[in-house]
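Below is one structure, written out as structure tokens, with a few remarks after it.
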Amino acid sequence: MTPKQTLLRGRTLNFSAEPTGPEDTGAYRYCEDGAVLIEGGMIVASGDYASVAAQAVQPQVIDHRPHLLMAGFIDTHIHFPQVQVIASWGAQLLDWLNSYTFPEETRFASPEHSAAMAGKFYDLLVGHGTTTAVAYCSVHKASADAFFAEAGRRDMRMIGGKVMMDRNAPDGLMDTPQSGYDDTQALIRDWHGKGRASYAITPRFAITSTPAQMEMAQALVAENPDCYVQTHLSENHAEIAFTRELYPQARDYLDVYQSYGLLGPKALLGHAIHLTPREIDALAGTGAHPVFCPTSNLFLGSGLFDDAGLRARGIGNAIATDVGAGTSYSMLQTLNEGYKVLQLQGQSLHPLRAFHWITRGNAVTLGLEGKIGTLDAGTEADVVVLDARATPTMDLRMDRAGSLSDELFILQMLGDDRAVAQVYVAGRASKGAQPAPVLEAAI
């Protein structure tokens, strides 16, 4: 008889708030001998092994000691159709889009190509410990259908949407205001709220959408208020200047989106680097979320994200890979580069806050902290198992680690997919082999 419950044993780290440092023990719980009890894709209990094991009923026990268990990583900005343009040599934003990204995205008109790439895309996400992502699909409805279909097959909590873009793009990569609206409504009807899927209304950015298309996006948001909105904002100086030419009536770049009613707590604005004081006021007032994409910002030479300045205004910042301008699917490597970007500005990123950011922190920006981002009972069983000795360099450094914070910082600076020993999506092991189950009698 197959056990109904799974008991994962290992060292556990779970956040209940954003920690200010290791002394802020009310914000997190670390168990040296911990456990997570899973049933039906949900977490039943977590905490110290003895107390959790006492609640289990003939579980399958999987012993991950000495590895560290925490909630699966959350990536809040990534481009599904860019899986084969990551690491395309040098250019700034607009040149990079025209030279590499747009030609590649035209291939996603094919349902077969979209389906094939979706499988590879999800393999890469899970292999790097990411269990939830917010993704841009191409302009083609087929790409979004493939994205959501693959998420459904894997029972992953995913958010995405087809981009709307009706100008300043190649033939074969544009819709119209009406077709963009119609395709988006059909995708919302087919996928939003089905299983673990949510839809993001996605005008790519102001440069590729006419005022008529922005009006359609406004209508979509008004008609589907429980959907997310995702777009790009103030990534690059040339982009900002071009946007001003296209929307001369706007007070600034953000005002393009604000004037069409696209801002609010469910709005995710990629990059948000070069902001005016009025834009910062508007972000604080509307509850929209900037998304920090450090590897992308460094790769394209876009600029430095002012995390501390925005946080001081009460603005909730997310963090993300932005593959394919981003150079790694790893949220660990995203934290690595994010640490350096903030260091250049005299800002700090403590490893406890860093790991909160890519788990519960990003869940909070999505309004999903009651579903994902923690190991709390009643949340979805997305769990990552981390090995801080995964490489010879990490192993040697760990010999000198004296605290949990040291270990997390080693993972943050030196870790990548090799440090991800296992991933559980809705309670099911999703990365290669796993330790042999322990007999129930052992508990």
Side-chain angles (χ1 to χ4, degrees), residues 3-19 22 24-74 126 129-132 155-157 196 331 351-364 366 368-388 404-405 407-408 411 419-431 434-435 437-438 440 442-443:
K4 291 184 177 180
Q5 294 184 331
T6 301
L7 185 66
L8 308 180
R9 187 174 187 177
R11 295 179 300 120
T12 58
L13 176 62
N14 189 34
F15 295 100
S16 57
E18 182 181 86
D24 190 6
T25 54
Y28 67 97
R29 184 182 184 191
Y30 170 65
C31 296
E32 186 67 30
D33 187 7
V36 180
L37 181 62
I38 298 168
E39 182 176 352
M42 304 294 289
I43 294 175
V44 176
S46 68
D48 68 273
Y49 176 74
S51 63
V52 174
Q55 302 175 56
V57 180
Q58 296 185 324
Q60 177 190 44
V61 181
I62 301 173
D63 194 344
H64 285 291
R65 291 177 297 174
H67 298 335
L68 183 66
L69 280 64
M70 66 177 66
F73 302 149
I74 302 167
V126 173
T130 296
T131 53
T132 291
D155 197 16
M156 291 179 71
R157 180 162 289 283
R196 302 177 72 193
M331 292 302 293
L352 279 165
R353 183 166 85 84
F355 278 86
H356 173 270
W357 204 354
I358 63 172
T359 55
R360 182 182 175 275
N362 273 348
V364 169
L366 297 174
L368 293 175
E369 66 271 27
K371 295 182 181 293
I372 57 174
T374 73
L375 300 179
D376 293 349
T379 62
E380 296 163 359
D382 297 337
V383 181
V384 65
V385 182
L386 298 174
D387 177 7
L404 173 65
S405 293
E407 179 180 2
L408 292 176
L411 284 162
V420 178
Q422 185 53 271
V423 180
Y424 293 87
V425 173
R428 290 190 296 276
S430 299
K431 184 183 179 181
Q434 64 182 36
V438 180
E440 302 90 68
I443 67 168

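Please read all numbers here as calculations on a predicted model, not as lab measurements.
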* How would you list all residue pairs meeting salt bridge (Lys or Arg N to Asp or Glu O under 4.0 Å) that involve residues 31-44, not counting sequence neighbours? -> Arg9-Asp33
* **Over all atoms of both residues, closest heavy-atom pair of Asn14 and Asp376** => ND2-OD1, 2.8 Å
* Please list, chain by chain and in numerical order, all residues satisfying side chain to side chain donor-acceptor pair (under 3.5 Å) with Ser16, sequence neighbours excluded. => none
* **Partner residues of Thr131 under the side chain to side chain contact (heavy atoms under 4.5 Å, CB included) criterion, sequence neighbours left out** => Asp382, Val423, Val425
* Asked: Between Thr12 and Gly47, what is the shortest heavy-atom contact and its length?
  -> OG1-O, 4.0 Å
* Structure fact -> With sequence neighbours left out, the residues meeting side chain to side chain contact (heavy atoms under 4.5 Å, CB included) with Asp387 are His67, Arg389, Ala390, Ala421
* Could you pull out all residues at least two apart from Pro22 that satisfy side chain to side chain contact (heavy atoms under 4.5 Å, CB included)? => Tyr28, His350, Leu352, Ser405
* Asked: For Val57 and Lys4, what are the C-alpha separation, side-chain angles and deciding distance, and is it a side-chain contact (heavy atoms from CB on, under 4.5 Å)?
  -> CA-CA 8 Å; Val57 180; Lys4 291 184 177 180; over 6 Å; no
* Side-chain heavy-atom pair Thr132, Lys371 within 4.5 angstrom cut-off -> no
* Structure fact -> Residues passing the side chain to side chain donor-acceptor pair (under 3.5 Å) test with Arg11, sequence neighbours excluded, are Tyr30, Glu407
* Asked: Got Ile62 and Gln422 here, is their nearest side-chain heavy-atom distance under 4.5 Å?
  -> no
* Asked: In Å, rounded to the nearest 0.5 Å, how long is the span from CG of Leu13 to CG of Leu375?
  -> 8.0 Å
* Contact summary for Phe15 and Pro19, nearest pair of heavy atoms -> CE2-CG, 3.8 Å
* Taking the side chain as every heavy atom from C-beta outward, state whether Ile43 and Leu37 have any pair of such atoms under 4.5 Å apart. => no
* Would you say Arg196's side chain and Asp155's backbone share a donor-acceptor pair under 3.5 angstrom? -> yes
* Phe355 side chain near Leu68 side chain, heavy-atom distance below 4.5 Å -> no
* Are side-chain heavy atoms of Val36 and Val52 found at a separation under 4.5 Å? -> no
* Chi angles and distances behind the side-chain contact (heavy atoms from CB on, under 4.5 Å) call for Ile358, Ile74 -> CA-CA 6 Å; Ile358 63 172; Ile74 302 167; over 6 Å; no
* Arg29 vs Asp48, salt bridge (charged side-chain N to carboxylate O under 4.0 Å, His left out): CA-CA, chis, key distance, verdict -> CA-CA 10 Å; Arg29 184 182 184 191; Asp48 68 273; 3.4 Å; yes
* Does the side chain of Glu380 come within less than 4.5 Å of Met42's, by heavy atoms? -> yes
* Structure fact -> In this structure, OH of Tyr49 is separated from CG of Asp63 (nearest 0.5 Å) by 7.5 Å
* To do: Could you pull out the closest heavy-atom pair between Pro3 and Pro59, with the gap in Å?
  => CB-C, 4.0 Å
* Can you check side-chain contact (heavy atoms from CB on, under 4.5 Å) on Met331 and Asn362, steps first, answer last? -> CA-CA 11 Å; Met331 292 302 293; Asn362 273 348; 4.2 Å; yes
* Over all atoms of both residues, closest heavy-atom pair of Leu8 and Thr6 -> CD2-CG2, 3.8 Å
* Which one of Leu411, Leu408, Leu404 satisfies the side-chain contact (heavy atoms from CB on, under 4.5 Å) criterion with Pro351? -> Leu408
